[in-house]
Amino acid sequence: MKQPGSFEHGGNIYALLRQSGQTSGDVLDFSANINPLGMAVSVRQAIETNLGNLIHYPDPAAVELKQAISRHYQMPEECITAGNGAVELLYVLCHCRKPRRVLVTAPTFSEYERAARAAGAAVEYFTLLPEQGFSLDVAEILPRLSGVDMVFICNPNNPTGGLLRREQLEPLLIAAQKTGTMVVVDESFQDFLTNRRELSCRPLLAKYDHLVVVCSLTKFYAIPGLRLGFVLASPAWTRTLHGAKDPWNVNSLAQVAGVAALQDSAYQEQSRAVLAQAREELYELLLQIKNCRPYPPSVNYILLNIADSGVVSSKLRRRMAEAGVMIRDCANYPGLSADYVRVAVKLPEQNRKLAAVLQQKLHSPECFTEEK
């Protein structure tokens, strides 16, 4: 298992550019799972129109943004906390809840563990098995809830793509209610899915006050540099979160960008249609690469097992970066190893380049090492 503190993420294009001397135009970043359609025209216009407002503080209540979130996701405004990215609110939540023991699946998004440890919690893993496709059997996790103050569920799971329906997660909420465990469900990638309304736990918030739903707006709307996300929780927990966060935590441009993005239904529909087709096409391309075993994707990223190639993930990542293609080395995920990498789904032409470079590097003598 990875040691606490060895946390890394994809999307660090700046480090690559500093090391390689390349420009951003030379690099295709498949290490971060961002909408390849890029920023919507409506969002860009909203940002440009509001540049002059930077002489003022942001709205500390984020009123227009919360109204837009409320309309789009059909949630009461008193249940919404806006954040400087969803990750900021994970830290605020953990510092408010002050859990002693936290349970996370392995592998999953590392910031759950990092936020929990920052609040002084001990972190335990519920390991997902590769021979079961890294799927989570909710019935098997229920006995682990005793004595656990908080459990994190990523749905769809990052980096495996595992997906659970709302009715599959409700038994977890029922059991957690009895053990006094807060259930945090991260739905940051659900906006990419056409069946998201069947999956989301949002309708269960009125029924379970120990449920917290985390959402990101940066991935689907391609604005990770702005940082924007929100948390849905009971009115009582929402008041607690508001009292614990920075009053101006969401900057002015992020607020107007969020409002514009949530109103742009044409961009939303186009994104889902394009990504659904591109995802299936990329999966088929990856299946054709010898010694590369992709897991069936549910959203805009695909986990690959490269164990049969004899190439370790760190060396493959470096060799592909030299060819201008960034991928995510998954060796630092608890529950994974140097046999795994993750790639994002981009536009068809970009995906074909990824497959071609991957095919070349997986079978190039320069990538081989005896170290596993």
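Keep in mind that the numbers below use all heavy atoms, side chains included, and drop hydrogens, waters and symmetry copies. These figures come from a predicted structure and were not determined experimentally.
Phe189 carries Lys219 over the face of its six-membered ring, with the cationic atom under 6.0 Å from the centre and within 45° of the normal.
In the displayed structure, Glu349 atom CD is contacted under 6.0 Å by at most 12 heavy atoms of other residues, nucleotides or ligands. Counting non-hydrogen atoms of other residues, nucleotides and ligands closer than 6.0 Å to CD of Gln132 gives a total above 12. Within a 6.0 Å radius of CD in Glu64, no more than 12 heavy atoms belonging to other residues, nucleotides or ligands are found.
A salt bridge links Glu113 to Arg117: at least one charged side-chain nitrogen sits closer than 4.0 Å to a carboxylate oxygen. Taking 4.0 Å as the cut-off between side-chain N and carboxylate O, Arg101 and Asp149 do not count as a salt-bridged pair.
Side chain of Thr179 to backbone of Ala176: a donor-acceptor contact under 3.5 angstrom is found.
Of all non-hydrogen atoms in Leu193 and Ser298, the two that sit nearest each other are CD2-O, 2.9 Å. When all heavy atoms of Leu205 and Leu211 are compared, the pair lying nearest together is CD2-O, 3.3 Å. For His210 against Leu173, the heavy-atom pair with the smallest separation is NE2-O, 2.8 Å.
Contact annotation: the side chain of Pro159 approaches that of Tyr333 to within less than 4.5 Å [non-hydrogen atoms, C-beta and beyond]. Counting only heavy atoms from C-beta outward, the side chains of Val345 and Tyr283 never approach each other to under 4.5 Å. Side-chain contact check for Val148 versus Val102: every heavy-atom pair is 4.5 Å or farther apart. Contact of the Glu88 side chain with the Arg227 side chain is not registered, since no non-hydrogen atoms from C-beta on lie closer than 4.5 Å.
Using a 3.5 Å distance cut-off with no hydrogens or angles, the side chains of Tyr73 and Asp191 do pair a donor with an acceptor. Between the side chains of Ser313 and Asp329, at least one donor N or O sits under 3.5 Å from an acceptor N or O.
In terms of the salt bridge (charged side-chain N to carboxylate O under 4.0 Å, His left out) criterion, residue partners of Arg144 (sequence neighbours excluded) are, by chain and number, Glu124.
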Mind listing the side-chain donor-acceptor pairs of residues 288-295 below 3.5 Å, one per line with the distance, residues two or more places apart or on another chain?
from	atom 1	to	atom 2	distance (Å)
Gln288	NE2	Glu284	O	3.4
Arg293	NH2	Asn305	OD1	3.3

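Val259 and Val63 fall into different hydrophobic clusters, where Ile, Leu, Val, Met, Phe, Trp and Tyr side chains are chained together by heavy-atom contacts under 4.5 Å.
The only member of Thr160, Asn158, Asn157, Asp186 that meets side chain to side chain contact (heavy atoms under 4.5 Å, CB included) when paired with Thr108 is Asn157.
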